[in-house]
Amino acid sequence: MKKEKQYWLMKTEPMSYSIDDLKRDRKTAWSGVRNYQARNFMRDDMQVGDGVLFYHSSCKEPGVYGLARVNSKSYPDPTQFEKGGMYYEPRATKEKPMWFLVDVAFEKKFKEGVSIRALREHKDLRGLRMLELGSRLSITPVTQKEFETVALLAV
DNA sequence: GCCAACGTTGGC
DNA sequence: GCCAACGTTGGC
């Protein structure tokens, strides 16, 4: 049974991977997530075709800078097996991987992003989980309404 | 299974 | 660069 299309907000630091990088690559494996909640969203809940708000954090003007979509089912994050790599996970084995990811495909880059300030100011976006104080989760679910509201705010 | 210590995140 | 909030670790 296929679930309905779902929507997500995915954070990234543009210094390491930006919407421009995704536009150039067309799609990318969302590797390096090392948080259980975020992993569970990718492993258990994401489906091909889900909508993604692409968010830039830790930068001059944090905000949503484009749209993407989930482009694969989840599969083990290969970086967990890279000895000496930044994301190496000694507890993981090929038989029992710890970390999972999905592929994310480029959809659209906004000319101007929707800043975190604008997100906070919009009354229909008060429920956004990433706006909660101290929210550090790099992947959060958003409602269809929230997704569309952000898309409409964007230029 | 508690909880203090630690490292990280991320807006400002 | 600051610092509050958070998740994870590890000793007990």
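What you are looking at is a predicted structure, and each value in this text was computed from that prediction instead of being measured. In the text below, chain A, chain B and the rest are named by the order of the sequence lines, each starting its count at 1.
- Side-chain contact between A/T79 and A/M86 is absent, with no heavy atoms from C-beta onward closer than 4.5 Å.
- Comparing B/dG10, B/dC12, C/dG7 by their closest approach to the side chain of A/S58 singles out B/dG10.
- The distance from atom CE of A/M15 to atom C1' of B/dT9 is 15 Å, rounded to the nearest whole Å.
- Not one side-chain nitrogen or oxygen of A/Y55 sits closer than 4.0 Å to the OP1 or OP2 atom of B/dT9.
- Note: CZ (A/R34) to C1' (C/dC6) measures 19 Å, nearest angstrom.
- To the nearest angstrom, P of B/dG10 lies 11 Å from CG of A/L9.
- Across B/dT9, C/dT8, B/dC12, the shortest atom-to-atom separation from the side chain of A/Y36 is found for C/dT8.
- Nearest to the side-chain atoms of A/I116 among the listed nucleotides C/dT8, B/dC12, B/dG7 stands B/dC12.
- Using modelled atom types, one finds a donor on one side chain and an acceptor on the other under 3.5 Å when comparing A/Y75 with A/D103.
- Relative to the side chain of A/L133, the nucleotides B/dG10, C/dA5, B/dC12 differ in distance, and C/dA5 lies closest.
- Distances from the side chain of A/N35 to the nucleotides B/dG11, C/dC6, C/dT8 place C/dT8 closest.
- In this structure, A/R136 places its CZ atom 7 Å from C1' of C/dA5, rounding to the nearest Å.
- Between A/H56 atom NE2 and B/dG11 atom P the separation is 12 Å, expressed in whole Å.
- Open room surrounds CZ on A/R117; 12 or fewer heavy atoms of other groups in view lie less than 6.0 Å from it.
- When the P atom of C/dT8 is taken as reference, atom CH2 of A/W99 falls 7 Å away, rounded to whole Å.
- Here the P atom of nucleotide B/dG11 and the CZ atom of A/R129 are 16 Å apart, to the nearest Å.
- Using cut-offs of 30° and 60° on the angle between ring planes, the pair A/Y17 and A/F54 is tilted.
- For C/dT9, the OP1/OP2 oxygens have a side-chain nitrogen or oxygen of A/R91 closer than 4.0 Å.
- One interatomic measurement links the two molecules: NZ of A/K60 to C1' of B/dC12, which rounds to 14 Å at whole-angstrom precision.
- Applying ring pair (Phe, Tyr, Trp, His ring centres under 6.0 Å) to A/W99 and the options A/Y87, A/Y36, A/W30 leaves one that passes, A/Y36.
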